[in-house]
Student: 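Dumping the structure here so I can ask a few things about it.
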Amino acid sequence: MKTVLITGTSSGYGRETALHFHAQGWNVIATMRTPRRDALPSSDRLRVVGLDVTEPESITAALEAAGPVDVLVNNAGVPSIGVFEGTPMARVREVFETNTFGVMATTQAVLPQFRERGSGVVVNVTSSVVLGHMPLSAVYKASKMAIEGFTSSLALELAPFGVRAKTVEPGACLTTNFAATATQGALLDELVPAPYAAWAEKAMGDFTGQDLFTEESDVAEAVWRAVHDTTGQLRFPAGPDAVWLAQAK
């Protein structure tokens with residue numbers, strides 16, 4: 001029986017991915033910054049472990065608690081929607097700490113056991129923002145593009161050891177806590193200087209009014225495919241809108 005460790009499982013994509021792997025008979029280490037036992041069903045094959053990907057000690061403790069794992073899914077992330085001119089650099093650094101450096105740190109911590117065993121998969125959940133030109137996402141897109149480049153090079157480094165690295169690129173999903181936070185009116189207003197307001201309002205309207213959207217289950221299924229892929233495919237768009245963007249690219 002294989003074991004997957006998934007970051008950011010309190011809700012959204014991470015929670016759905018944990019449920020999907022559990023339903024397929026895997027052992028699941030479901031990590032979240034603030035552990036909530038009620039976030040996932042009780043099972044002897046599903047353990048909730050605390051993990052803050054921005055804290056090295058937390059990463060070490062979580063991996064020690066998890067024991068050997070076969071797959072790491074880096075799903076934890078923070079949203080950022082706004083105009084770059086109005087985004088404080090402290091916020092930029094906060095986004096990169098989780099979305100970029102947190103992914104790298106967690107990956108680096110798990111690689112020795114994968115390399116020594118000669119098997120293992122790292123799946124990094126990025127975003128469909130890497131597939132097209134989207135407004136109000138400069139900081140978020142930069143943090144995710146960095147992981148796309150990181151993963152493409154990492155995959156080459158790990159291949160000689162039988163270890164694989166993939167990215168999953170979810171489209172827009174309006175039903176997650178992540179989306180609710182990203183599009184929160186007050187937060188968005190803070191990051192949109194007045195001269196940009198009319199343009200930003202139209203951009204958000206176009207975004208929420210699009211025809212195709214992603215569901216949490218689309219992402220869970222894409223992660224599952226990425227974990228089991230042996231064809232060498234690196235990137236896995238998740239959701240109809242992400243697939244459309246990938247095909248149009």
Side-chain angles (χ1 to χ4, degrees), residues 1-32 39-41 43-49 51 53 62 66-77 103 106-107 110-111 113-114 117 119-128 130-131 144 147-148 150-152 154-155 158-159 162-173 175-179 212-247:
M1 189 180 299
K2 292 190 174 183
T3 299
V4 58
L5 187 151
I6 309 167
T7 68
T9 60
S10 61
S11 64
Y13 304 148
R15 182 178 186 276
E16 191 68 24
T17 301
L19 292 172
H20 187 82
F21 275 77
H22 181 263
Q24 300 301 320
W26 281 50
N27 289 321
V28 177
I29 310 298
T31 76
M32 53 190 79
L40 290 159
S43 169
D44 59 0
R45 290 190 292 104
L46 197 158
R47 293 167 52 203
V48 174
V49 174
L51 171 58
V53 301
V69 299
D70 300 282
V71 172
L72 169 66
V73 178
N74 282 309
N75 168 75
V103 170
T106 307
T107 299
V110 83
L111 287 183
Q113 63 169 290
F114 285 1
R117 190 190 311 134
S119 65
V121 186
V122 177
V123 177
N124 294 327
V125 179
T126 60
S127 169
S128 63
V130 306
L131 298 172
K144 294 297 189 177
I147 291 303
E148 288 280 331
F150 163 70
T151 308
S152 64
L154 181 69
L158 299 180
V163 180
R164 289 170 282 141
K166 313 280 186 177
T167 63
V168 167
E169 301 158 337
C173 181
T175 57
T176 63
N177 291 339
F178 186 99
L212 298 176
F213 287 99
T214 294
E215 296 183 359
E216 289 95 332
S217 58
D218 295 326
V219 180
E221 290 163 7
V223 172
W224 178 262
R225 292 197 307 273
V227 166
H228 291 87
D229 178 74
T230 57
T231 69
Q233 181 176 338
L234 176 65
R235 300 178 175 90
F236 292 77
D241 52 328
V243 171
W244 181 86
L245 283 169
Q247 291 172 343

Student: Look up atom CD in Q24 and atom CE in M1, then write down how far apart they are to the nearest 0.5 Å.
Tutor: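 With rounding to 0.5 Å, CD (Q24) is 12.5 Å from CE (M1).
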Student: To the nearest 0.5 angstrom, please state how far the CG atom of L51 sits from the OG1 atom of T7.
Tutor: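 Taking CG in L51 and OG1 in T7, the distance rounds to 6.5 Å.
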Student: So, for L154 and A165, which heavy atoms are closest and what is the spacing to 0.1 Å?
Tutor: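 For L154 and A165, the tightest heavy-atom pair comes out as CD2-CB, 4.0 Å.
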Student: How long is the gap from NZ on K2 to OG on S119, to the nearest 0.5 Å?
Tutor: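 It is 7.0 Å, given to the nearest 0.5 Å.
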Student: Using a 4.5 Å cut-off on heavy atoms from C-beta on, say whether the side chain of L19 contacts that of L40.
Tutor: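 Of all side-chain heavy-atom pairs linking L19 with L40, at least one is under 4.5 Å.
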Student: Closer than 3.5 angstrom, by distance alone: can the side chain of R15 be matched with the main-chain N or O of A39 as a donor-acceptor pair?
Tutor: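 Present.
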Student: Any salt bridge linking E169 with K144? Criterion: basic side-chain nitrogen under 4.0 Å from a carboxylate oxygen.
Tutor: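 Here E169 does not pair with K144 in a salt bridge, since their nearest N and O are not under 4.0 Å apart.
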Student: Donor-acceptor pair, distance only, cut-off 3.5 Å: does the side chain of R45 make one with the backbone of H22?
Tutor: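 Side chain of R45 to backbone of H22, a donor-acceptor pair under 3.5 Å: yes, one is there.
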Student: Would you say Y13 and V223 make side-chain contact, with heavy atoms under 4.5 Å?
Tutor: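 Y13 vs V223: side chains apart.
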Student: Under 3.5 Å, side chain of T167 to main-chain N/O of E148, donor-acceptor pair present?
Tutor: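 No.
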Student: To the closest 0.5 Å, what do you measure between CG (L72) and CG (N124)?
Tutor: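 Between atom CG of L72 and atom CG of N124 there are 7.0 Å.
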Student: Going by heavy atoms in the side chains, are D218 and P170 under 4.5 Å from each other?
Tutor: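 When only atoms from C-beta onward are counted, P170 and D218 do not touch, as no gap falls below 4.5 Å.
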Student: Go through the side-chain N and O atoms of T214 and D241 and say whether any donor and acceptor fall under 3.5 Å apart.
Tutor: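 A pair is found: one side chain offers a donor N or O, the other an acceptor, under 3.5 Å apart.
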Student: Quick check: does any side chain N or O of T9 sit under 3.5 Å from a backbone N or O of T31, one acting as donor and the other as acceptor?
Tutor: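 Yes, because the side chain of T9 sits within donor-acceptor range (under 3.5 Å) of the backbone of T31.
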Student: Where is the tightest heavy-atom contact between S128 and G171, given as atom of each residue plus distance?
Tutor: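 Scanning both residues completely, I find the closest heavy atoms to be OG-CA, 3.3 Å.
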Student: Answer yes or no: is there a donor N or O on one side and an acceptor on the other, between the side chain of R47 and the main chain of N27, under 3.5 Å?
Tutor: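 Judged by distance alone, no pair lies under 3.5 Å.
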Student: Is it true that, when you exclude E216 itself, more than 12 heavy atoms of the residues, nucleotides or ligands shown sit nearer than 6.0 Å to its CD?
Tutor: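 Counting other residues, nucleotides and ligands, CD of E216 exceeds 12 neighbours.
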Student: Find the distance between CZ (F150) and OG1 (T107) and round it off to the nearest 0.5 Å.
Tutor: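 It comes to 4.5 Å.
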Student: Run the numbers on N75 and T17 for side chain to side chain donor-acceptor pair (under 3.5 Å), then give the verdict.
Tutor: CA-CA 9 Å; N75 168 75; T17 301; 5.8 Å; no
Student: Enter the distance from L5:CG to T106:OG1 here, rounded to the nearest 0.5 Å.
Tutor: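 Output value for this atom pair is 8.5 Å.
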Student: Side chains of F114 and V122: does their closest heavy-atom pair fall under 4.5 Å?
Tutor: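 Side-chain contact under 4.5 Å: yes.
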Student: Check whether any side-chain heavy atom of W224 lies under 4.5 Å from a side-chain heavy atom of H20, and answer yes or no.
Tutor: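 A side-chain contact under 4.5 Å exists here.
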Student: For residues R164 and L158, determine if any side-chain heavy atom of one lies less than 4.5 Å from a side-chain heavy atom of the other.
Tutor: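 No. Closest side-chain heavy atoms not under 4.5 Å.
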Student: Distance-only, no hydrogens or angles: does the K166 side chain make a donor-acceptor pair with backbone N or O of R235 under 3.5 Å?
Tutor: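 No.
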Student: Minimum heavy-atom separation for L234 and A155, please, with both atom names.
Tutor: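 Of all heavy-atom pairs spanning L234 and A155, the closest is CD1-CB, 4.2 Å.
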Student: Would a distance-only check, ignoring hydrogens and angles, find a side-chain to backbone donor-acceptor pair under 3.5 Å from Q113 to V69?
Tutor: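 Side chain of Q113 to backbone of V69, a donor-acceptor pair under 3.5 Å: yes, one is there.
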Student: Ignoring hydrogens, what is the shortest heavy-atom contact between A222 and A238? Give both atom names and the distance.
Tutor: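 Nearest pair, atom of A222 first, then A238: CB-CB, 3.6 Å.
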Student: Specify the closest pair of heavy atoms between I6 and G14, including all atoms of both residues, with the distance to one decimal.
Tutor: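 Shortest heavy-atom contact: CG2-O, 4.2 Å.
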Student: For a 4.5 angstrom cut-off between non-hydrogen side-chain atoms, does V123 reach V227?
Tutor: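 Side chain of V123 against side chain of V227, heavy atoms only: contact under 4.5 Å found.
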Student: Side chains of V125 and V73, heavy atoms from C-beta outward: is any pair under 4.5 Å?
Tutor: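 Counting from C-beta outward, V125 and V73 do come under 4.5 Å.
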